Amino acid sequence: MMAESFDGDWLDLREPFDAASRDAGLATILSAVLPARPRILDLGAGTGSLLRWLGNYIGRAQAWSLVDADPELIDRAFETTADRAAAAGWGVTWPNRKTLLVHSPRGAWRVEGLLADLREAPDNLPLHQVDAVVNTALCDLVSEAWVERVAAACAEHALPFYAALNVTGRERFTPAHRADALVARGFARDQRRDKGFGGLALGARAPDALAEAFRAHGYTVMRAPSDWQARTRPVSPAVADFATELVTGMAGAAGAWERRHRIALRDWARDRTDQALDGRLGFRIGHADILCLPPGKEPG
């Protein structure tokens, strides 16, 4: 079975919402326990949104390895990061075709890509060469066995593990709609299907499964809410576009499990899209950030 893959345009569309939702406190704690020039391994890096967000919290010279199975997403991560850096007035150089240097005012960011199938993790990851393992919107896709293997490998190397934006199963749209519960039920079932990581996906169980797996190795585990939340009033094209893609995706995912209710799901998606475009939709999609710190690296 192929592992779940993602469209680069969707990842770009959600980036500002991800950035507004991730918990700054956990990012600050992670930065404080890392060495002077940390080496970061970003699993399922996609278009590089976590690099561009977390790099500012680390705030010093740093090296990133962006891990993804899709070479087009890694290329897009490099291009987007270079463009954003240039727009901010930061220098950008390319020592070679596989390495990007972003010259921030507080130190250079060295960025490299690593093509790897995360279904085989951690065996295909250079954990002995990094100081932390990070990811965003990944761990609700993987299986419990995958998390346990990665936790054991991180513990072997005493590596912090940071996982942002794990779904919690709490979604709320306003105003209320008669099909809200139907969509939530089907969407939750879709989140738990096998997504190619060796078993049923964790879905909303991801935060608890991460905590259990890392605590079993003596880690300190911290958790913070990181919900997506927005209103489409005043009407904002960016929010409306994001909300439209969100409700369309949720209805489509629910439809795979609620086939007898296709008309109700279609009506829900249509009504929610109209509300988004008219500035009448509000939403809160539950997520949680998790930071796992090995013994000896607890925050001071």
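None of the values given here were measured: they were computed from a predicted structure.
Using a cutoff of 4.0 Å between basic side-chain nitrogens and carboxylate oxygens, D9 and R76 are scored as salt-bridged. Between R185 and E258 there is a salt bridge, with a side-chain nitrogen of the basic residue lying less than 4.0 Å from a carboxylate oxygen of the acidic one. Between R205 and D140 there is no salt bridge, since no side-chain nitrogen of the basic residue lies less than 4.0 Å from a carboxylate oxygen of the acidic one. By the 4.0 Å N-to-carboxylate-O rule, D271 lies too far from R280 to be salt-bridged with it.
Summarising the geometry of S49 relative to T136, their closest heavy-atom pair is OG-CG2, 4.4 Å, with the distance given to 0.1 Å. Between F78 and G113, the shortest heavy-atom distance links the atoms CZ-N, 3.6 Å. In plain terms, the two heavy atoms of L54 and A27 that are nearest each other are CD1-CB, 3.8 Å. Scanning all heavy atoms of the two residues, the minimum distance from A288 to R223 falls at CB-NE, 3.7 Å. Scanning all heavy atoms of the two residues, the minimum distance from A224 to D23 falls at CB-CG, 3.4 Å.
For the pair R22 and W53, the cation-pi test (distance below 6.0 Å, angle within 45°) is passed.
R233 places a side-chain N or O within donor-acceptor distance of the main-chain N or O of G279, the cut-off being under 3.5 Å. Side-chain N or O atoms of T47 include none that pairs as donor or acceptor with a backbone N or O of D12 at under 3.5 Å. In this structure a side-chain-to-backbone donor-acceptor pair under 3.5 Å is missing from D42 to V67. Formation of a donor-acceptor pair under 3.5 Å by the D180 side chain with backbone atoms of H177 is found in this model. When atom types are taken as modelled, the side chain of R60 and the backbone of I58 share a donor-acceptor pair closer than 3.5 angstrom. At least one donor-acceptor pair closer than 3.5 Å links the side chain of D227 to the backbone N or O of H287. Under the 3.5 Å distance criterion, the side-chain polar atoms of R192 are matched with a main-chain donor or acceptor of A201. Proximity of a side-chain donor or acceptor of K297 to a complementary backbone N or O of A158 within less than 3.5 Å is detected.
In R172, the CZ atom is not crowded: 12 or fewer heavy atoms of neighbouring residues, nucleotides or ligands sit closer than 6.0 Å. Within a 6.0 Å radius of CZ in R270, more than 12 heavy atoms belonging to other residues, nucleotides or ligands are found.
Both I290 and V150 belong to a common hydrophobic cluster when Ile, Leu, Val, Met, Phe, Trp and Tyr are linked at side-chain heavy-atom distances under 4.5 angstrom. By the rule that hydrophobic residues join a cluster once side-chain heavy atoms approach within less than 4.5 Å of another member, V167 and V142 end up as members of separate clusters. The hydrophobic cluster containing Y57 also contains W90, counting ILVMFWY residues as joined when their side-chain heavy atoms lie under 4.5 angstrom apart, directly or transitively. At a threshold of 4.5 Å between side-chain heavy atoms, the hydrophobic network of Ile, Leu, Val, Met, Phe, Trp and Tyr places L165 and Y162 in two separate groups. Taken together through direct or relayed side-chain contacts under 4.5 Å among Ile, Leu, Val, Met, Phe, Trp and Tyr, L138 and L51 form parts of separate hydrophobic clusters.
With rounding to the nearest 0.5 Å, the separation of CH2 in W64 from OG1 in T81 is 10.0 Å. The CZ atom of F187 sits 4.5 Å away from the CE atom of M250 when rounded to the nearest 0.5 Å. Remark: E245 CD to L13 CG distance equals 6.5 Å, nearest 0.5 Å. One finds the SG atom of C292 at 8.0 Å from the OH atom of Y219 (value rounded to the nearest 0.5 Å). Rounded to the nearest 0.5 Å, atoms CD (E171) and CZ (F173) are 7.0 Å apart. Taken from CG in L210 to CG in N166, the straight-line distance is 5.5 Å, to the nearest 0.5 Å.
Tested against L66 for a side-chain contact (heavy atoms from CB on, under 4.5 Å), the candidates I40, L115, V111 yield a single pass: V111.
Proximity of I29 to M222: side-chain heavy atoms (C-beta onward) are separated by under 4.5 Å at one or more points. Side-chain contact between P160 and L30: present, with at least one pair of heavy atoms (C-beta onward) separated by less than 4.5 Å. The closest side-chain heavy-atom distance from R52 to R84 is below 4.5 Å. At least one side-chain heavy atom of T93 sits less than 4.5 Å from a side-chain heavy atom of H103. Two residues are said to be in side-chain contact when any heavy atoms from C-beta on lie closer than 4.5 Å; L41 and P126 meet this criterion. Annotation: side chain of L43 is not in contact with side chain of V134 (no heavy-atom distance under 4.5 Å). Considering only heavy atoms from C-beta on, L118 comes within 4.5 Å of F197 through its side chain.
Side-chain contact, W146 with E144: no donor N or O sits under 3.5 Å from an acceptor N or O. For the residue pair D289/S226, the side-chain donor-acceptor check at 3.5 Å is satisfied. Under 3.5 Å, the side chains of T244 and R272 contain no donor-acceptor pair of N or O atoms. Side-chain contact of N96 with T99: a donor-acceptor pair under 3.5 Å is present, judged by distance alone. For the 3.5 Å distance criterion, the side chains of W257 and D190 qualify, holding a donor opposite an acceptor. Residues S65 and R39 bring no donor and acceptor atom of their side chains to less than 3.5 Å of each other.
Remark: R37 engages no residue in a side chain to side chain donor-acceptor pair (under 3.5 Å) (not counting sequence neighbours). Under the side chain to side chain donor-acceptor pair (under 3.5 Å) criterion, T174 pairs with R231, not counting sequence neighbours. Applying the side chain to side chain donor-acceptor pair (under 3.5 Å) rule to R149 yields no partners; only residues at least two apart in sequence or on another chain are considered.
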Walk me through whether F283 and L246 qualify under side-chain contact (heavy atoms from CB on, under 4.5 Å).
CA-CA 10 Å; F283 59 87; L246 174 65; 4.0 Å; yes
L50/D18 under side-chain contact (heavy atoms from CB on, under 4.5 Å): CA gap, chis, key distance, verdict:
CA-CA 9 Å; L50 183 57; D18 288 351; over 6 Å; no
Apply side-chain contact (heavy atoms from CB on, under 4.5 Å) to residues E112 and R110 and explain how you reach the verdict.
CA-CA 7 Å; E112 297 179 319; R110 183 181 182 90; 3.4 Å; yes
Given F161 and C139, is the side-chain contact (heavy atoms from CB on, under 4.5 Å) satisfied, shown in steps?
CA-CA 11 Å; F161 184 89; C139 288; 4.0 Å; yes
